[in-house]
Novice: 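Can you read through this structure? Questions will come right after.
Quantities reported herein were computed from a predicted structural model and do not represent experimental measurements.
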Amino acid sequence: MTTLNSLRKIGVLFFGMIMYQAYALDEPLAIAEHHTIQLKTRLVELAFEEENAKLYSILETTRIHFSADMDASEVAFSSIDDNDNRHISISNAYLLNLSLFIQERLTSMEFIDADKIFMYAFYDVLLHEFGHHALDAFYNDYTPPQYIPMYEEHAQDWAEQIKMSIDSDEEGYGRIVSLTALLDYSMSHSEMAWQRAALGNKIDTECAMVSHNIASHICTELIQEGIYQLQN
Ligand SMILES: [Zn+2]
């Protein structure tokens, strides 16, 4: 009986692994939900390790929604409602676009691990949103516009700090992949033309400090010489 049970367990485990493999980038939403649980678990551990009560409370109270109503250009946003509940909304359309971008633009590279790239790009987006909550860096229509880039920068700095604390994306390409996927989308959507310059500046800043293959592939072949031609 024991052997049979063990075999059954192995069977279930094996089947589970096959199911997970089958998702690959064809099921970006399911993958993103899976990564959300994993990242939250890791962040809860970190909150305990660092005795960071604020981080723990944010993790406990923030609801993460995957939204079918958001456009790909909206990527993600954070908010606090009237009952002090925290929310992070992530655009399903952006996640689909991210997986397409990785498949179409990055898989020509031999050393590519598309699932890992998707994960780190997604972590970048999600951690950035957690950063807004951790720092209470929110703004609305009444916020003086000069403060907005500062809040955005602080949220991203927080995200980069956390990536280091949890030993995630040590090669440091999550940010550039998440930004370039948005740039890629903007190229085929004329209504996003006005966002391209700002996006280009952010990517140039990232490109100035690249050290990893994937990031440098994006910066040289896609940005500088390639299909996006940001300088023009
Ligand atoms: Zn932001």
Novice: Can you confirm whether more than 12 heavy atoms, excluding those of E191, are under 6.0 Å from its CD atom?
Specialist: yes
Novice: For N140, is the CG atom crowded, meaning more than 12 foreign heavy atoms sit under 6.0 Å from it?
Specialist: yes
Novice: Step by step, would you call I214 with I176 a side chain to side chain contact (heavy atoms under 4.5 Å, CB included)?
Specialist: CA-CA 9 Å; I214 290 165; I176 202 151; 5.8 Å; no
Novice: What's the separation between atom CE in M150 and atom CG in D157, rounded to the nearest 0.5 Å?
Specialist: 11.5 Å
Novice: Using modelled atom types only, decide if a donor and an acceptor are shared between the side chain of D169 and the backbone of K163 within a distance under 3.5 Å.
Specialist: no
Novice: To the nearest 0.5 Å, tell me how far H217 NE2 sits from I112 CD1.
Specialist: 7.5 Å
Novice: Do we see a donor-acceptor contact under 3.5 Å between the side chains of E152 and Y139?
Specialist: yes
Novice: Write down the atom of W158, the atom of G131, and the distance for their closest heavy-atom approach.
Specialist: CE3-CA, 3.3 Å
Novice: If you apply the rule salt bridge (charged side-chain N to carboxylate O under 4.0 Å, His left out), what do you find for R42 with D167, and how did you get there?
Specialist: CA-CA 10 Å; R42 185 65 193 93; D167 299 323; 5.6 Å; no
Novice: Does the plane of the ring in Y151 sit parallel, tilted or perpendicular to the ring in Y147? Use 30° and 60° as the thresholds.
Specialist: parallel
Novice: Supply the atom-to-atom distance R63 CZ to D81 CG, rounded to the nearest 0.5 angstrom.
Specialist: 7.0 Å
Novice: Should I58 and V125 be counted in the same cluster of Ile, Leu, Val, Met, Phe, Trp and Tyr side chains packed under 4.5 Å apart?
Specialist: yes
Novice: Quick one: does L98's side chain get under 4.5 Å of P28's, heavy atoms only?
Specialist: no
Novice: Okay, side chain of S67, backbone of S91: is any donor-acceptor separation there less than 3.5 Å?
Specialist: no
Novice: Consider only side-chain heavy atoms of I, L, V, M, F, W and Y, link residues closer than 4.5 Å, and tell whether L39 and F77 are in one cluster.
Specialist: no
Novice: With a 6.0 Å cut-off on ring centres, are F138 and H133 close enough?
Specialist: yes
Novice: With no hydrogens and no angle check, do the side chains of Q156 and E160 hold a donor and an acceptor under 3.5 Å apart?
Specialist: yes
Novice: Give the cluster check for Y173 versus V210: same hydrophobic cluster or not, with ILVMFWY residues linked at side-chain heavy-atom distances below 4.5 Å.
Specialist: yes
Novice: Between L106 and I218, which heavy-atom pair has the shortest distance, and what is it?
Specialist: CD2-CG1, 3.8 Å
Novice: Any chance you could lay out the side chain to side chain contact (heavy atoms under 4.5 Å, CB included) test for T36 and F66, step after step, and finish with the verdict?
Specialist: CA-CA 11 Å; T36 300; F66 291 90; 3.4 Å; yes
Novice: What distance separates L127 CG from D124 CG, expressed to the nearest 0.5 Å?
Specialist: 7.5 Å
Novice: Keeping T180 on the side-chain end and V177 on the backbone end, is there a donor-acceptor pair under 3.5 Å?
Specialist: no
Novice: Does the side chain to side chain contact (heavy atoms under 4.5 Å, CB included) test come out yes or no for Y185 and D71, once each step is laid out?
Specialist: CA-CA 11 Å; Y185 178 85; D71 188 70; 3.5 Å; yes
Novice: Can you name the closest pair of heavy atoms from S168 and Y123 and give their distance?
Specialist: OG-CD2, 3.4 Å
Novice: What's the separation between atom OG in S178 and atom CG in L183, rounded to the nearest 0.5 Å?
Specialist: 11.5 Å
Novice: Please report the interatomic distance CD1(I166) to CD(E49), rounded to the nearest 0.5 Å.
Specialist: 10.0 Å
Novice: Looking only at heavy atoms, which two atoms of S73 and M192 are closest? And how far apart?
Specialist: CB-SD, 3.3 Å
Novice: Please answer whether the main-chain N or O of N201 pairs with a side-chain N or O of T205 as donor and acceptor at a distance below 3.5 Å.
Specialist: yes
Novice: Between E206 and K202, is there a side-chain heavy-atom distance shorter than 4.5 Å?
Specialist: no
Novice: Would you mind reporting whether N85 and I80 have side-chain heavy atoms less than 4.5 Å apart?
Specialist: no
Novice: Apply side chain to side chain contact (heavy atoms under 4.5 Å, CB included) to residues L59 and F130 and explain how you reach the verdict.
Specialist: CA-CA 8 Å; L59 292 165; F130 274 124; 3.9 Å; yes
Novice: Are the side chains of L179 and L199 in contact, using a 4.5 Å heavy-atom criterion?
Specialist: yes
Novice: Going through the checks in order, is the salt bridge (charged side-chain N to carboxylate O under 4.0 Å, His left out) test met by E129 and R86?
Specialist: CA-CA 11 Å; E129 295 309 317; R86 293 174 180 273; over 6 Å; no
Novice: Identify the heavy atoms of S165 and E50 that sit nearest to each other, and give their distance.
Specialist: OG-OE2, 4.2 Å
Novice: Do L182 and I148 share a hydrophobic cluster, counting only Ile, Leu, Val, Met, Phe, Trp and Tyr and linking them when any side-chain heavy atoms are less than 4.5 Å apart?
Specialist: no
Novice: Is F118 reachable from L100 through a run of I, L, V, M, F, W or Y residues, each pair having side-chain heavy atoms under 4.5 Å apart?
Specialist: no
Novice: Is the shortest heavy-atom distance from the side chain of R105 to the side chain of D184 under 4.5 Å?
Specialist: yes
Novice: Students often mix this up, so state it plainly: with edges at 30° and 60°, are the rings of F122 and H35 parallel, tilted or perpendicular?
Specialist: tilted
Novice: When you measure from the side chain of D115 to the backbone N and O of M119, does any donor-acceptor pair fall under 3.5 Å?
Specialist: no
Novice: Where do A93 and A72 come nearest, in terms of heavy atoms and distance?
Specialist: CB-N, 3.6 Å
